[in-house]
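The chains referred to below are lettered A, B, ... by the order of the sequence lines, with proteins before strands, and numbering in each begins at 1. Only heavy atoms go into these numbers, but all of them, side chains included; no hydrogens, no water, no symmetry mates. Nothing here was measured: the structure is a model prediction, and the numbers come from that model.
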Amino acid sequence: MIIATWNVNSLKVRLPHVLDWLSGHAPDVLALQETKLTDDAFPADAIAEAGYRCVYAGQKTYNGVAILAKHEPADSVTDIPGLDDPQRRILASTVNGVRIINLYVVNGSEVGSEKYAYKLAWLDKVTGFIADERGRHERLVVLGDFNIAPDDRDVHDPEAWHERILCSTPEREALKRILDLGLSDCFRRFDQPAESYSWWDYRQAAFRRNMGLRIDLILSSPALTEACTACTIDVEPRRLERPSDHAPVVAEFSL
DNA sequence: ATGGTTGTTAAACAA
């Protein structure tokens, strides 16, 4: 079973890339973030023609999450207890007996800002939700754009990013609390090339210079971690014309 | 160097 995540930064613009990628990689599940589409505008027909069912939770202009899957996603959840939030950042669904929690974590803008406080409060509520889901589902994957680089290996210039947004200690501690629910970062279960990143700013030719961060993650429960045979970042779509600023992350499970 | 680029949406906001 192949499960992938990709922040597409506008599904309207990136639909051709997504369809090409589905056709080339044939994942069982592809979780998308930053679709930036209301549900009535979601390209469900084009995705169905590619052989994928989909569930989605979108809004105008910002945010938006979706799960594309070869088999019908079931028991979808878009809102969680204690978080009355119009921002569409969460989509949980069950595919082939695997519970998928797709997250577009708040960016946070700047350490100490209002958005930063919202990020930490949001992460706290979501951690409670994941704990709850973890108790109900043996096979659980939490994936998406976490907007947190787990540690300095995941940052091209740790000194420049020291205690900055995406890298601050409170953010990393919030991520650790999610991992401490018994989840593993699939990518780090395997030897990986040095300087592996999943996001590069559009500015300063950051991709060409590999000035990136690894902020897109696939976390798995023990039952799935045992079955995980590979986890890679596919940088190829980042080389295309008009790319997303994120690359897809792919995990393979022998299920 | 508080810069720079992209997306949505129409000047500003978010990332």
What integer number of Å spans the [atom1] atoms of [N] and [M]?
N      : M      : atom1 : value
B/dA1  : B/dA15 : P     : 27 Å
B/dG7  : B/dT2  : P     : 26 Å
B/dA14 : B/dT9  : P     : 14 Å
B/dA10 : B/dT5  : P     : 24 Å

Distance in angstrom units between [X] [atom1] and [N] [atom2], rounded:
X        : N      : atom1 : atom2 : answer
A/Glu114 : B/dA15 : CD    : P     : 13 Å
A/Lys115 : B/dA15 : NZ    : C1'   : 9 Å
A/Asn63  : B/dA14 : CG    : P     : 11 Å
A/Met211 : B/dG3  : CE    : P     : 17 Å
A/Leu37  : B/dT9  : CG    : P     : 9 Å
A/Ile148 : B/dA15 : CD1   : C1'   : 15 Å
A/His246 : B/dA14 : NE2   : C1'   : 12 Å
A/Asp245 : B/dG4  : CG    : P     : 18 Å

For this session: State which residues pass side-chain hydrogen bond (donor to acceptor under 3.5 Å, both in side chains) with A/Tyr62; sequence neighbours excluded, sorted by chain then number.
Result: none

For this session: Sequence neighbours left out, what passes side-chain hydrogen bond (donor to acceptor under 3.5 Å, both in side chains) with A/Ser93? Give chain and number order.
Result: A/Ser76

Exercise. Taking atom types as modelled and ignoring hydrogens, do the side chains of A/Ser184 and A/Ser220 form a donor-acceptor contact shorter than 3.5 angstrom?
Worked result: no

Problem set entry | Contact list for residues 14-24 of chain A, test side-chain hydrogen bond (donor to acceptor under 3.5 Å, both in side chains), sequence neighbours left out |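 Every side-chain hydrogen bond (donor to acceptor under 3.5 Å, both in side chains) pair that includes a residue of residues 14-24 of chain A, provided the two are not neighbours, is A/Trp21-A/His25, A/Trp21-A/Asp234.
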
Exercise. When we call it a touch if two heavy atoms are under 4.0 Å apart, what does A/Arg89 touch: a base, just sugar-phosphate, or nothing?
Worked result: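 Contact class for A/Arg89: sugar-phosphate only.
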
Exercise. What is the nucleic acid contact for A/Tyr104, judged by heavy atoms within less than 4.0 Å: base, sugar-phosphate only, or nothing?
Worked result: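 Since only primed, P, OP1 and OP2 atoms lie under 4.0 Å of A/Tyr104, the category is sugar-phosphate.
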
Identify all pairs in which a protein N or O lies below 3.5 Å from an N or O of nucleotides 5-7 of chain B, and state each distance.
unit_1 : atom_1 : unit_2   : atom_2 : d
B/dG7  : OP1    : A/Arg14  : NH1    : 2.9
B/dG7  : OP1    : A/Arg14  : NH2    : 3.3
B/dG7  : OP2    : A/Arg242 : NE     : 3.4
B/dG7  : OP2    : A/Arg242 : NH2    : 3.1
B/dG7  : O3'    : A/Ser10  : OG     : 3.3

Show me the donor-acceptor pairs, under 3.5 Å and distance only, between side chains in residues 43-56 of chain A and residues at least two apart or in other chains.
unit_1  : atom_1 : unit_2  : atom_2 : d
A/Tyr52 : OH     : A/Pro27 : O      : 2.6
A/Arg53 : NH1    : A/Glu72 : OE1    : 2.6

For this session: Write out all pairs satisfying ring pair (Phe, Tyr, Trp, His ring centres under 6.0 Å) with one or both partners inside residues 67-105 of chain A, taking only residues at least two apart or from two chains.
Result: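 Qualifying pairs: none.
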
Exercise. Is the NZ atom of A/Lys70 crowded by more than 12 outside heavy atoms at less than 6.0 Å?
Worked result: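 More than 12 within 6.0 Å, yes.
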
